[in-house]
Amino acid sequence: MRVGMHLGYQNLDGTPDHEFFLRETRLAVEAEAMGFDFVGPVEHHFTDYAACPDPFGMLSYVAAKTSRFQLITGAVILPWNNPLRVVEQALQLDALSEGRMILGMGRGAARREFRSFGVELADSREMFDEAAVIIMEGLETGIVEADTKWFKIPRTEVRPRPMKSWQGRVVQVTMSPSSVEVSARLGTQALRFSQGDWRNAIPEINSYRAKFEEIHHRKPPPFIISDFVLTHTDKAEVGRRTDTYFSKMFETVANHYEFMSDHFKALPSYSTYAYMGRAAEAAGGPHKAYTDYVGGNMIGTPEEIIAHHQMRKEMVGDYEMLANFSYGGLPYEMVYEQLKLFADKILPHIKG
């Protein structure tokens with residue numbers, strides 16, 4: 001089982017951006033020595049919720065300071081990026097890292113980010129589907145061309161040319177039934193964020209696996225699950241930090257994506273977000289709904305997290321993990337403390 005580090009760049013404690021960004025990025029460099037298999041930054045823009053506008057640039061820094069583990073965009077948001085540029089950036093980073101690049105693709109969900117890029121949220125499904133095909137063909141062939149509804153690109157040979165095949169090195173965020181179907185059809189590895197009870201996701205996981213094997217005549221790769229991690233040897237301290245920091249993180253997520261707004265109800269391809277909005281409303285608001293969110297993520301003492309992993313594996317089958325240790329204004333000392341504890345006490349068990 002592979003385990004990676006997910007970096008969300010959530011700056012909620014007032015640290016100057018340049019200091020915070022460098023501090024978070026240096027965690028990624030340390031992750032290799034701690035035994036992690038890959039590292040992935042998000043792409044988010046403009047707010048304290050998460051601010052990593054260029055995952056390729058961030059990973060280039062990490063590539064220069066590491067030698068072993070893989071580098072994944074977690075994820076680059078296709079409706080905000082020209083597919084020709086995505087191909088160029090991915091191929092360049094693959095060359096600089098000597099073939100360690102994994103391209104993670106997503107379509108975004110926050111209206112505030114779409115507005116600033118002049119893109120409509122309602123168009124994201126079509127834009128993603130078109131861009132993903134263009135990009136995957138470009139990565140394999142070194143040729144990018146498109147004549148679709150959203151993209152007009154004359155036949156263009158990109159440089160640097162591909163150094164090896166990208167089969168097995170493309171990942172897609174799958175937080176809706178339509179995304180699951182697209183991922184299976186394209187043959188990408190599926191990434192899913194922990195959001196509540198994993199039993200609710202099993203139908204989509206099984207659908208992905210069945211359709212992938214039917215179309216590609218090979219076993220699908222394991223899901224990648226992105227988890228928030230909060231761990232300490234003292235169970236009471238886990239509870240205190242959860243109530244202080246995890247609750248704050250969840251409220252920023254709910255506000256950023258506007259879970260409780262009605263706009264998701266008119267967008268079937270964002271059904272997961274509409275569901276979370278209904279759950280938050282039923283609980284009395286996002287400040288109360290976070291307790292349901294806790295159960296899906298890796299929160300507890302080392303022994304509890306190992307047991308949670310084993311129970312989840314029995315439920316969903318083989319999976320890989322992207323673990324996020326820094327969020328909710330958690331002081332850096334606590335971030336590093338739990339990262340080290342996870343690497344020492346938890347990582348050997350779940351990887352083994």
Side-chain angles (χ1 to χ4, degrees), residues 8 40-47 49-56 72-87 89-90 103-139 144 146-153 170-193 195 201 204 207-208 211 224 226 252-278:
V42 299
E43 179 188 349
H44 278 297
H45 303 263
F46 316 130
T47 70
Y49 163 70
C52 182
D54 181 6
F56 292 106
I72 179 174
T73 52
V76 60
I77 307 304
L78 301 194
W80 306 339
N81 291 273
N82 184 298
L84 175 60
R85 290 290 291 136
V86 172
V87 172
Q89 289 170 298
L103 181 65
M105 309 181 296
R107 65 186 173 104
R111 287 192 297 185
R112 67 192 73 228
E113 293 174 290
F114 275 84
R115 287 193 196 104
S116 292
F117 285 109
V119 179
E120 293 293 330
L121 187 62
D123 296 327
S124 67
R125 175 79 279 158
E126 285 186 349
M127 295 182 73
F128 178 94
D129 293 354
E130 291 183 8
V133 172
I134 297 165
I135 290 166
M136 292 179 68
E137 290 178 353
L139 290 174
V144 177
D147 184 15
T148 67
K149 177 179 177 179
W150 294 104
F151 302 104
K152 307 293 182 183
I153 304 171
V170 181
V171 173
Q172 179 183 333
V173 177
T174 56
M175 295 304 297
S176 68
S178 61
S179 291
V180 168
E181 183 177 344
V182 171
S183 181
R185 186 176 72 246
L186 294 179
T188 59
Q189 187 172 12
L191 186 156
R192 196 173 184 96
F193 293 88
Q195 293 183 344
E204 291 181 10
S207 174
Y208 164 80
K211 290 180 180 177
I224 299 175
S226 176
T252 65
V253 172
N255 291 336
H256 181 76
Y257 290 108
E258 302 174 278
F259 284 160
M260 299 183 72
S261 168
D262 287 339
H263 73 283
F264 282 125
K265 296 176 182 177
L267 299 170
S269 64
Y270 287 98
S271 59
T272 300
Y273 294 90
Y275 165 79
M276 292 189 69
R278 292 193 299 270

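Keep in mind that what you see is a predicted model, and the values were worked out from it rather than measured.
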Residues passing the salt bridge (charged side-chain N to carboxylate O under 4.0 Å, His left out) test with Lys211, sequence neighbours excluded, are none
The salt bridge (charged side-chain N to carboxylate O under 4.0 Å, His left out) partners of Arg111 (sequence neighbours excluded) come to Glu258
Which of Val182, Leu191, Ile224, Val180 passes side-chain contact (heavy atoms from CB on, under 4.5 Å) with Thr174? It is Val180
| task | Apply the test side chain to side chain contact (heavy atoms under 4.5 Å, CB included) to residues Arg107 and Leu78: give CA-CA distance (whole Å), side-chain angles for both, the deciding distance (0.1 Å), then the verdict. | result | CA-CA 6 Å; Arg107 65 186 173 104; Leu78 301 194; 6.0 Å; no
Taken in chain and number order and not counting sequence neighbours, the residues that satisfy side-chain hydrogen bond (donor to acceptor under 3.5 Å, both in side chains) with Thr252 are Gln10
The single option from Leu103, Val42, Ile135 that satisfies side-chain contact (heavy atoms from CB on, under 4.5 Å) with Val76 is Leu103
The side-chain hydrogen bond (donor to acceptor under 3.5 Å, both in side chains) partners of Thr148 (sequence neighbours excluded) come to Glu130
Separation between NE2 (His45) and CH2 (Trp80), nearest 0.5 Å, reads 5.0 Å
Could you check if a side-chain atom of Asn82 sits within less than 4.5 angstrom of a side-chain atom of Phe151, using non-hydrogen atoms only?
no
Nearest heavy-atom contact between Ser261 and His263 is OG-ND1, 2.7 Å
When Phe114, Phe264, Tyr49 are each screened for ring pair (Phe, Tyr, Trp, His ring centres under 6.0 Å) with Tyr257, the one that passes is Tyr49
**Study point:** Intermediate values then yes/no, side chain to side chain contact (heavy atoms under 4.5 Å, CB included), Gln172 and Gln189
**Key:** CA-CA 6 Å; Gln172 179 183 333; Gln189 187 172 12; over 6 Å; no
The reported gap from CZ in Arg85 to CZ in Phe56 (rounded to nearest 0.5 angstrom) is 9.0 Å
**Q.** Side chains of Tyr270 and Ser124 in contact at under 4.5 Å (non-hydrogen atoms)
**A.** yes
Contacts of Gln195 meeting side-chain hydrogen bond (donor to acceptor under 3.5 Å, both in side chains) (sequence neighbours excluded), chain-then-number -> none
To the nearest 0.5 Å, atom CD of Glu204 lies from atom OG of Ser183 at 11.5 Å
Check against side chain to side chain contact (heavy atoms under 4.5 Å, CB included), Lys152 and Asp147: CA-CA 5 Å; Lys152 307 293 182 183; Asp147 184 15; 2.7 Å; yes
Q) Taking it one step at a time, do Gln89 and Thr73 satisfy side chain to side chain contact (heavy atoms under 4.5 Å, CB included)? A) CA-CA 11 Å; Gln89 289 170 298; Thr73 52; over 6 Å; no
Handout entry: Polar contact flag, side-chain donor to acceptor under 3.5 angstrom, Glu43-Asn81
Key = yes
Tightest non-hydrogen contact, residues Gly106 and Pro79, listed as O-CD, 3.9 Å
Residue pairs meeting salt bridge (Lys or Arg N to Asp or Glu O under 4.0 Å), one or both in residues 117-127, sequence neighbours left out, come to Arg125-Asp129, Glu126-Lys149
CZ (Phe128) and OG (Ser178) are apart, to the nearest 0.5 Å, by 10.0 Å
